[in-house]
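Here's the structure, in structure tokens; my notes come after.
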2 protein chains.
Amino acid sequence: MAAENQELRNAGLKVTLPRIKILQILESADPGSRHMSAEDVYRALLQSGEDVGLATVYRVLTQFETAGIVTRHNFETGHSMFEIAKDDHHDHMVCLSSGEVIEFSDSLIEERQRQIAQEHGFELIDHSLVLYVRKSSDD
Amino acid sequence: MAAENQELRNAGLKVTLPRIKILQILESADPGSRHMSAEDVYRALLQSGEDVGLATVYRVLTQFETAGIVTRHNFETGHSMFEIAKDDHHDHMVCLSSGEVIEFSDSLIEERQRQIAQEHGFELIDHSLVLYVRKSSDD
DNA sequence: AGCTTAATGCAAATGCGTATCATATTCATC
DNA sequence: GATGAATATGATACGCATTTGCATTAAGCT
Ligand SMILES: [Mn+2]
Ligand SMILES: [Mn+2]
Ligand SMILES: [Zn+2]
Ligand SMILES: [Zn+2]
């Protein structure tokens with residue numbers, strides 16, 4: 001309950017109602033909907049009966065990102081998706097049929113990326129890998 | 001000269017001046033500037049003395065993409081980048097210092113991606129891999 | 001050349017995200 | 001617990017890349 005409060009304080013953010021609520025929504029999202037757009041979060045807030053402005057949702061999500069509480073993804077959907085940051089890095093697989101987002105992580109690929117950057121005289125700072133897939137049975 | 005005309009016809013597109021010009025600009029771009037935004041193409045047109053509307057540039061680029069003549073990339077720069085489609089697939093490395101775009105292709109990563117999708121019961125349809133890097137010497 | 005249809009250019013409309021600013025809230029201090 | 005300075009919020013205006021509506025123009029077939 002006070003867990004969110006502490007997390008916000010640790011991030012150097014004032015404990016406000018919108019921030020607590022947004023954090024709760026992101027943390028309580030089930031695996032299938034871990035990845036939410038600002039609109040998604042906004043709608044969830046409204047359904048919880050909270051009266052928070054969309055501008056605040058955007059602001060808070062950006063603050064959370066800066067604080068390392070959430071991670072922002074730019075899938076090809078045109079709008080940013082956010083998820084509670086995990087301790088370990090992972091990449092994503094998006095099903096073109098259902099839209100579901102599956103997380104995975106492959107050390108081989110991770111390592112190879114570092115090598116490739118190095119071979120070109122660069123240092124790997126970040127990367128974005130998204131697999132677009134379809135159920136094997138589908139036609 | 002008539003090469004562009006044929007390419008447009010093959011794509012099922014009417015041969016118009018804007019389309020020819022845009023195709024020429026993309027095809028004649030040197031390796032360092034293969035990847036252009038709609039604005040980039042628009043500016044290049046103006047400098048060639050052509051009077052083409054920006055809306056037309058956007059429309060034509062989208063048509064070229066549909067026809068498989070160009071490939072669209074959504075790097076984290078905020079705007080789409082286009083390049084003449086090559087026969088072989090490749091991925092990109094974007095230098096965060098200079099903005100330069102380097103192409104690479106790694107069969108190991110390509111194969112691993114296919115495996116990962118399969119292991120999750122999916123078929124790999126497409127993927128997007130972008131490495132964000134910095135010159136190794138930079139601080 | 002004439003005609004039908006698609007393409008173009010301009011301007012207005014979108015849509016996601018950010019900036020502004022007056023008001024409300026937090027929280028350190030009394 | 002009240003007070004007040006600093007910060008956060010919400011409504012709205014704005015910015016920017018891209019799209020769309022529509023009157024005009026150009027392509028291409030006869
Ligand atoms: Mn994730
Ligand atoms: Mn390329
Ligand atoms: Zn990764
Ligand atoms: Zn690839």
Side-chain angles (χ1 to χ4, degrees), chain A residues 2 4-25 35-46 48-67 69-82, chain B residues 2 4-25 35-46 48-67 69-83 99:
Chain A
E4 284 90 4
N5 293 34
Q6 199 50 53
E7 195 167 357
L8 290 172
R9 280 203 198 84
N10 292 344
L13 296 170
K14 269 192 186 173
V15 179
T16 67
L17 218 97
R19 301 216 257 237
I20 294 173
K21 284 297 174 187
I22 291 173
L23 193 47
Q24 285 178 346
I25 283 172
H35 308 88
M36 310 177 76
S37 67
E39 278 284 352
D40 290 337
V41 173
Y42 179 61
R43 271 194 296 273
L45 282 168
L46 294 189
S48 302
E50 301 299 328
D51 187 20
V52 178
L54 182 54
T56 301
V57 174
Y58 275 108
R59 258 188 310 241
V60 169
L61 286 173
T62 302
Q63 292 158 350
F64 282 6
E65 182 191 14
T66 304
I69 297 176
V70 308
T71 310
R72 181 197 302 256
H73 303 293
N74 296 299
F75 299 151
E76 322 250 321
T77 57
H79 48 273
S80 297
M81 301 285 274
F82 302 84
Chain B
E4 283 90 4
N5 293 33
Q6 200 49 52
E7 195 167 356
L8 290 172
R9 277 202 202 84
N10 293 344
L13 296 169
K14 269 192 187 172
V15 179
T16 66
L17 218 96
R19 301 216 257 236
I20 294 172
K21 285 297 173 184
I22 291 172
L23 193 48
Q24 284 178 347
I25 283 172
H35 308 88
M36 310 178 74
S37 66
E39 277 285 352
D40 290 338
V41 174
Y42 179 62
R43 271 192 299 272
L45 282 168
L46 294 189
S48 301
E50 299 300 329
D51 188 20
V52 179
L54 181 54
T56 302
V57 174
Y58 275 107
R59 262 186 304 237
V60 169
L61 286 173
T62 301
Q63 292 159 350
F64 282 6
E65 183 192 13
T66 304
I69 298 176
V70 308
T71 310
R72 181 197 301 254
H73 302 292
N74 297 299
F75 300 150
E76 323 246 321
T77 57
H79 48 274
S80 296
M81 302 285 274
F82 302 83
E83 66 172 316

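We name chains A, B, ... by the order of the sequence lines, and we start the count at 1 in each one.
Place B/A38 and B/L17 on DNA chain D by their nearest nucleotides, and B/A38 ends up nearer the 5' end. Of the residues near DNA chain D, A/L13 and B/L54, the one whose nearest nucleotide (by heavy atom distance) lies more toward the 5' end is A/L13.
We find that CD of B/E50 is positioned 19 Å from P of C/dA7, with the value rounded to whole Å. Atom C1' of nucleotide C/dC27 and atom CZ of A/R19 are separated by 13 Å, given to the nearest angstrom. Atom P of nucleotide D/dG15 and atom NE2 of B/H79 are separated by 19 Å, given to the nearest angstrom. As rounded to whole Å, 8 Å separates atom P of C/dT26 from atom CD1 of A/I20. Rounded to an integer number of Å, the gap from CG of A/L61 to C1' of C/dG17 is 12 Å. Between the CD atom of A/Q63 and the C1' atom of C/dG17 there is a distance of 14 Å, rounded to whole Å. Taking atom CG of B/N74 as the reference point, atom C1' of D/dA17 lies 12 Å away to the nearest angstrom. Between the CG atom of B/D51 and the P atom of D/dT25 there is a distance of 13 Å, rounded to whole Å.
Without hydrogens or angle criteria, B/T62 side chain to B/Y58 main chain gives a donor-acceptor distance under 3.5 Å. No donor-acceptor distance shorter than 3.5 angstrom exists from the side chain of A/R19 to the backbone of A/L8, with no hydrogens or angles considered.
Within the model, atoms CG of A/L17 and OG1 of A/T56 stand 11.5 Å from one another, a figure rounded to the nearest 0.5 Å.
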Task: Worked check of side chain to side chain donor-acceptor pair (under 3.5 Å) between B/E39 and B/H79 - done: CA-CA 9 Å; B/E39 277 285 352; B/H79 48 274; over 6 Å; no
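At least one side-chain heavy atom of A/L13 sits under 4.5 Å from a side-chain heavy atom of A/F64.
Taking only distance into account, the side chain of A/R59 never meets the base of C/dG17 through a donor-acceptor pair shorter than 3.5 Å.
Remark: A/T16 is not in phosphate contact with D/dA8, judged by side-chain N or O atoms under 4.0 Å from OP1 or OP2. Contact between the side-chain N/O atoms of B/S80 and the OP1/OP2 oxygens of D/dT18 is found at a separation under 4.0 Å. Distances shown here put every side-chain N or O of B/Y58 at or beyond 4.0 Å from the OP1 or OP2 atom of D/dT19.
Of the candidate nucleotides C/dT8, D/dG10, D/dT7, D/dT7 has the atom nearest to the side chain of A/K14. Across D/dG10, C/dG9, D/dG28, the shortest atom-to-atom separation from the side chain of B/P18 is found for C/dG9.
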